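Worksheet for the structure shown next.
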Amino acid sequence: KLIQFLTSWAIGDPHDECRSLGCKALGDIVSKYTNEGNSDEVMKLVKNILSSGKATDKGAYDKKPPNSVQASDFRKEGTVLALGACALHFKEVEDITSILDQLIATLTTPSEEVQNSIALTIVQLVKKIKESEVIEGMVKSCLGKSIDPSQKLATKIGMAYGVAAIVKGKGIMTLKKYGIITVLQTACNEGGEREGALYVIQQLDVFLKLLFEPYVLQLLPSIISASADSSSYVREAAAGCIKVIMSNLSNHGVKLVLPVILGNFGESVDSAEENKEDWRAKVASLTILGSVGSISPKFVGQYLPKVIPILIVQHGSTNNKVKEAATNALNAIVSTIQNPEISSLSTKILDALVDGSGEKRLYVLEGLIAKNFVHAIDTPSTSITMPIISRCLRASSPSTHKRLACLILATFCEILEDPSGMSGYAEELVDLLIGVLLSGQSQVRGVAAKALGSIVRHLSSSNAILEGLLD
């Protein structure tokens, strides 16, 4: 009765939200409660609806369920989910293959909830197919349609779900066996095929997660390049793909990806000049850099010393889009700060980072000195404040700035949550402090010596740097 109600009313409803929920409920119920004893009865009901798309069971309602052409189409699409759930109990390969073909055809439904439910069913069914040529045919069909520029958006996304589901069901070796990655790399370099290829990459990352990371490194340059495409549809697909990849990236994945991203800004970070062709790619790269801090702040501490200067330089870009992306990336990293004392000064810190005036830096130094630190200094806090402190320690800075910077640095070293978070700045800070010690500013040398002592005491990486002082 419940299945009859869902097939008669819910999956034929004209409202998208109601219909999507009905399709999901139907698939879940049939999957959970169908067994070898009642699968034939459920199958008979499902096939009747698939053949006509009509339903006559009105249940407790006074009126009959809708049997319009639109309702019949909706009903056929939704019933395929139940068909797939029934097929889990089949043993004949021909029957399973036939149902898989129907499921793949229904992936063109313009509802990602329905597409995802169908894909999860495909994952289970393809495990029962042992014939390699059958799987190869399905992969080529789905992959071909997904990158076909003449296909509609729903078809491209649906076939991307299909490719990912087949790979998930048959295993990661399917990617190499059928040359899927090679096809995607080629498609990402073809203007018309880019959009579909990006949707496939996105779904492969969703379904495979950590297993797909080695291939992300191969595909990422093409994805970033697609972010600079002249088509807004391709750029939107690239942005969605990047967002999914970064959300699923592991610590090891960050280690692999960051050098690729940093390479997009050239060997030097001292220039923010733009080429007309690559500013969109820089925007995509900056978006990725902004998400790095939230993945694993402890792990990426060694990279933030390289990331922050790039973001600061790109904020000075003459291209407003690049400048906006750099600002958003800095804000994203600042938002991960866990230390309340530093978080309360985040606005002033951002102003000092992007503004070269000493006045803004002095505001930050005075604000930090006034704070009574009762919480540990986390890695994002270190990474966002060290550029300001190092700038204040340079020879051209006033002695007041140097003195406050030394006092703050000594305090930070004492309450670091993770000393490795400052290791990337150790060499530069030691050199700057030695420069202050050798300067003629006697009122600063004392606090500089204390700051240097704190660094040596708490940062093991500074020991090798200080060996030269003994000579």
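Quick caveat: nothing in here was measured; it's all calculated off a predicted structure.
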Considering residues, nucleotides and ligands other than [X], do more than 12 of their heavy atoms fall under 6.0 Å from its [atom1]?
| X | atom1 | result |
| --- | --- | --- |
| Glu236 | CD | no |
| Phe373 | CZ | yes |
| Lys371 | NZ | yes |
| Lys127 | NZ | yes |
| Lys170 | NZ | yes |

For residues [X] and [Y], is any side-chain donor paired with an opposing acceptor at under 3.5 Å?
| X | Y | answer |
| --- | --- | --- |
| Ser132 | Tyr178 | yes |
| Arg194 | Ser225 | yes |
| Glu417 | Thr379 | no |

Exam field: side chain [X] to backbone [Y], donor-acceptor pair closer than 3.5 Å:
| X | Y | value |
| --- | --- | --- |
| Asn116 | Glu112 | no |
| Ser454 | Lys450 | yes |
| Ser20 | Glu17 | no |
| Gln115 | Ala154 | yes |
| Thr106 | Gln102 | yes |
| Ser146 | Leu143 | yes |
| Ser335 | Ala332 | yes |
| Ser317 | Val313 | no |
| Ser381 | Ile377 | no |

For residues 197-212, tabulate all N or O donor-acceptor pairs below 3.5 Å that involve a side-chain atom, not counting sequence neighbours.
unit_1, atom_1, unit_2, atom_2, d
Asp205, OD2, Asn248, ND2, 2.9
Lys209, NZ, Val206, O, 2.8

Test log, rule salt bridge (charged side-chain N to carboxylate O under 4.0 Å, His left out), inputs Glu195 and Arg235: CA-CA 8 Å; Glu195 183 183 8; Arg235 295 199 299 271; over 6 Å; no

For [X] versus [Y], what's the shortest heavy-atom pair and its separation?
| X | Y | result |
| --- | --- | --- |
| Leu437 | Ala449 | CD2-N, 3.7 Å |
| Val126 | Gly169 | CG2-CA, 3.6 Å |
| Val139 | Ile166 | CG2-CG2, 3.7 Å |
| Cys406 | Ala448 | SG-CA, 3.6 Å |
| Ala326 | Leu311 | CB-O, 3.6 Å |
| Ala405 | Cys392 | CB-CB, 3.9 Å |

4.5 Å side-chain heavy-atom contact, [X] and [Y]:
| X | Y | value |
| --- | --- | --- |
| Leu345 | Val364 | no |
| Cys188 | Glu193 | no |
| Pro387 | Ile312 | yes |
| Leu289 | Ile333 | no |
| Thr287 | Asn328 | no |
| Ile342 | Phe412 | yes |
| Thr108 | Met159 | yes |
| Asp418 | Asp378 | no |

Check ion pair Arg457-Glu414 (N to O, under 4.0 angstrom): yes

N-O pairing of Arg19 and Asp16 below 4.0 Å: yes

Residues Ser285, Ile224; criterion side chain to side chain contact (heavy atoms under 4.5 Å, CB included); working and verdict: CA-CA 7 Å; Ser285 299; Ile224 294 175; 3.7 Å; yes

[X] [atom1] to [Y] [atom2] distance, which is reported to the nearest 0.5 Å:
| X | Y | atom1 | atom2 | value |
| --- | --- | --- | --- | --- |
| Gln218 | Leu256 | CD | CG | 11.0 Å |
| Leu100 | Ile135 | CG | CD1 | 7.5 Å |
| Ile308 | Thr382 | CD1 | OG1 | 11.0 Å |
| Ile408 | Met386 | CD1 | CE | 8.5 Å |
| Asp28 | Lys24 | CG | NZ | 4.0 Å |
| Leu184 | Leu175 | CG | CG | 8.5 Å |

Audit row: Lys168, Thr174, side-chain hydrogen bond (donor to acceptor under 3.5 Å, both in side chains) steps and yes/no: CA-CA 9 Å; Lys168 175 72 173 177; Thr174 309; over 6 Å; no

Verdict with supporting geometry, Met422 and Cys413, side chain to side chain contact (heavy atoms under 4.5 Å, CB included): CA-CA 9 Å; Met422 195 183 279; Cys413 290; 4.1 Å; yes

Verdict with reasoning, Ile369 to Leu365, per side chain to side chain contact (heavy atoms under 4.5 Å, CB included): CA-CA 6 Å; Ile369 284 291; Leu365 295 176; 5.5 Å; no

Trace of the side chain to side chain contact (heavy atoms under 4.5 Å, CB included) decision for Val430 with Val456: CA-CA 9 Å; Val430 169; Val456 174; 5.9 Å; no

